[in-house]
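Report on the structure given below.
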Amino acid sequence: MQKNDLIELTIEDMSVDGEGIGKYEGMAFFVKDAIVGDKIRARVTKLKKTYGYARVEEILEPSADRTEPRCALHKRCGGCQIQAMDYPAQLAFKEKKVRNNLIRLGGFPEAEIDAIMEPIVGMEEPYRYRNKAQFPIGLDKEGKIVAGFYAARTHDIIPVMDCQLGVPVNREILEAVIAYMTDCKVRPYDEKTGKGLVRHVLIRYGFTTKEIMVCLVINGKS
């Protein structure tokens, strides 16, 4: 087996980071955007001694828990891991993750956890709930200033001005910052050269107070 080989996987489990896990010839593969129950054709992207990584090339049979994400950028953006899973299944995954961590990492007896652990409580609307977001600032291939989130396992910025999990005012703030930087020729930070001023824009929104905090993370003292 080599990198870029195509393999067929049945996703049987999920990693703590929300990647689907399937086995091929006894080797476990971690696959972003795959969920339990999916039967997929995947392309191998990285191989280790006992496990590997792959990306979804084709969904042969979708899981019963699969849904169409609201965000069109979910496959490229590294900010979300399980948007392709419907919300009840997301809640079950998170509840299982907490339970397993308490038992495996915390050392609590399984029977004790099951006796006292309450069922997970979900939201009425599982979008627009994040009151904090941090957006890296950079340049696209045309040299335009962009804000967004890093693609999975990279520092390549996927332009995202209005994340569906964040508050709508984020877009207005990012547009103002980018307009100021463009007009005043303020350069974003470049990781390769170590030059440029603006690295990130951190935004917090108070759902109760309606107050907004904006922090610019910069490469400099002024």
Side-chain angles (χ1 to χ4, degrees), residues 6-24 26-46 51-106 108-133 148-154 158 160 162-168 170 207:
L6 287 172
I7 58 177
E8 291 189 8
L9 297 170
T10 297
I11 304 302
E12 300 171 344
D13 202 355
M14 302 282 287
S15 75
V16 294
D17 294 322
E19 296 167 311
I21 302 174
K23 288 187 176 180
Y24 183 80
M27 179 180 283
F29 281 88
F30 296 83
V31 189
K32 183 180 180 293
D33 300 317
I35 65 174
V36 172
D38 280 341
K39 292 183 179 180
I40 64 171
R41 182 172 289 114
R43 188 174 300 277
V44 177
T45 57
K46 186 183 293 186
Y51 64 95
Y53 294 91
R55 68 169 181 265
V56 177
E57 289 287 317
E58 182 183 359
I59 298 174
L60 303 175
E61 292 183 29
S63 166
D65 295 326
R66 176 168 284 279
T67 189
E68 185 62 34
R70 184 180 295 186
C71 177
L73 299 172
H74 78 282
K75 287 186 178 180
R76 298 171 58 207
C77 179
C80 295
Q81 289 77 38
I82 53 174
Q83 269 206 42
M85 185 188 294
D86 70 22
Y87 190 52
Q90 287 185 32
L91 292 176
F93 164 73
K94 292 174 181 179
E95 183 174 312
K96 179 182 176 182
K97 181 177 177 179
V98 171
R99 179 184 180 276
N100 289 347
N101 284 347
L102 288 169
I103 295 168
R104 185 172 59 88
L105 301 178
F108 293 96
E110 189 171 341
E112 180 181 350
I113 292 300
D114 290 340
I116 64 174
M117 187 170 173
E118 298 285 346
I120 191 169
V121 178
M123 295 176 285
E124 291 183 8
E125 173 59 35
Y127 290 94
R128 299 296 188 187
Y129 63 87
R130 288 186 179 172
N131 73 327
K132 173 192 170 186
F149 297 109
Y150 293 126
R153 298 196 193 90
T154 77
I158 304 300
V160 182
D162 186 24
C163 173
Q164 295 297 303
L165 301 187
V167 291
N170 287 344
F207 285 109

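Along the sequence shown, residues carry numbers from 1.
Of all heavy-atom pairs spanning Tyr127 and Gln164, the tightest one is CB-O, 3.5 Å. Of all heavy-atom pairs spanning Val56 and Ala34, the tightest one is CG2-CB, 4.1 Å. Taking all atoms of both residues into account, the shortest heavy-atom contact from Ala133 to Asn170 is CB-ND2, 4.0 Å. Val167 approaches Asp162 most closely through the heavy-atom pair O-OD1, 4.5 Å. Closest approach of Glu8 and Tyr24 over heavy atoms only: O-CD1, 3.7 Å. Counting all heavy atoms, side chain and backbone alike, Ile21 lies closest to Ser15 at CD1-N, 3.6 Å.
Contacts of Phe93 classified as ring-ring contact (aromatic ring centres under 6.0 Å, His included), with partners at least two apart in sequence or in another chain: none. Residues satisfying the side-chain contact (heavy atoms from CB on, under 4.5 Å) criterion with Ile103, sequence neighbours excluded, are Arg99, Glu110, Ile113. In this structure, the salt bridge (charged side-chain N to carboxylate O under 4.0 Å, His left out) partners of Lys96, at least two apart in sequence or on a different chain, are Asp13. In this structure Asp17 satisfies the salt bridge (charged side-chain N to carboxylate O under 4.0 Å, His left out) test with no other residue, sequence neighbours excluded. Every residue was checked against the ring-ring contact (aromatic ring centres under 6.0 Å, His included) condition with Tyr87, not counting sequence neighbours, and none meets it. For Asn101, the side-chain contact (heavy atoms from CB on, under 4.5 Å) partners two or more places apart in sequence, or in a different chain, are Lys97, Arg104, Leu105. When the salt bridge (charged side-chain N to carboxylate O under 4.0 Å, His left out) test is applied to Glu12, no partner is found at least two apart in sequence or on another chain.
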Using distance only, find each side-chain donor-acceptor pair of residues 57-64 under 3.5 Å and give its atom names and separation, not counting sequence neighbours.
residue : atom : partner : partner atom : Å
Glu57   : OE2  : Arg43   : NE           : 3.4
Glu57   : OE2  : Arg55   : NE           : 3.1
Glu58   : OE1  : Arg41   : NH1          : 2.4
Ser63   : OG   : Val36   : O            : 2.6
Ser63   : OG   : Asp65   : N            : 3.0

Tell me which donor-acceptor pairs under 3.5 Å the side chains of residues 68-85 have, and how far apart each pair is, sequence neighbours excluded?
residue : atom : partner : partner atom : Å
Arg70   : NH2  : Glu125  : OE2          : 3.1
His74   : ND1  : Cys71   : O            : 3.2
Gln81   : NE2  : Gly78   : O            : 3.2

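Judged by distance alone, the side chain of Arg128 and the main-chain N or O of Gly166 form a donor-acceptor pair under 3.5 Å.
With a 4.5 Å cut-off on side-chain heavy atoms, Phe149 and Ile158 do not count as touching. Between Val31 and Ile40 the shortest side-chain heavy-atom distance falls below 4.5 Å.
Here CD1 of Ile7 is found 4.0 Å from CZ of Phe29. Values are rounded to the nearest 0.5 Å. The CD atom of Gln90 sits 7.5 Å away from atom CG of Asp86, with the distance rounded to the nearest 0.5 Å.
Using cut-offs of 30° and 60° on the angle between ring planes, the pair Tyr51 and Phe30 is perpendicular.
Pairs of residues two or more places apart, or lying in two chains, that qualify as side-chain hydrogen bond (donor to acceptor under 3.5 Å, both in side chains) and include a residue from residues 26-40 are Asp38-Arg66.
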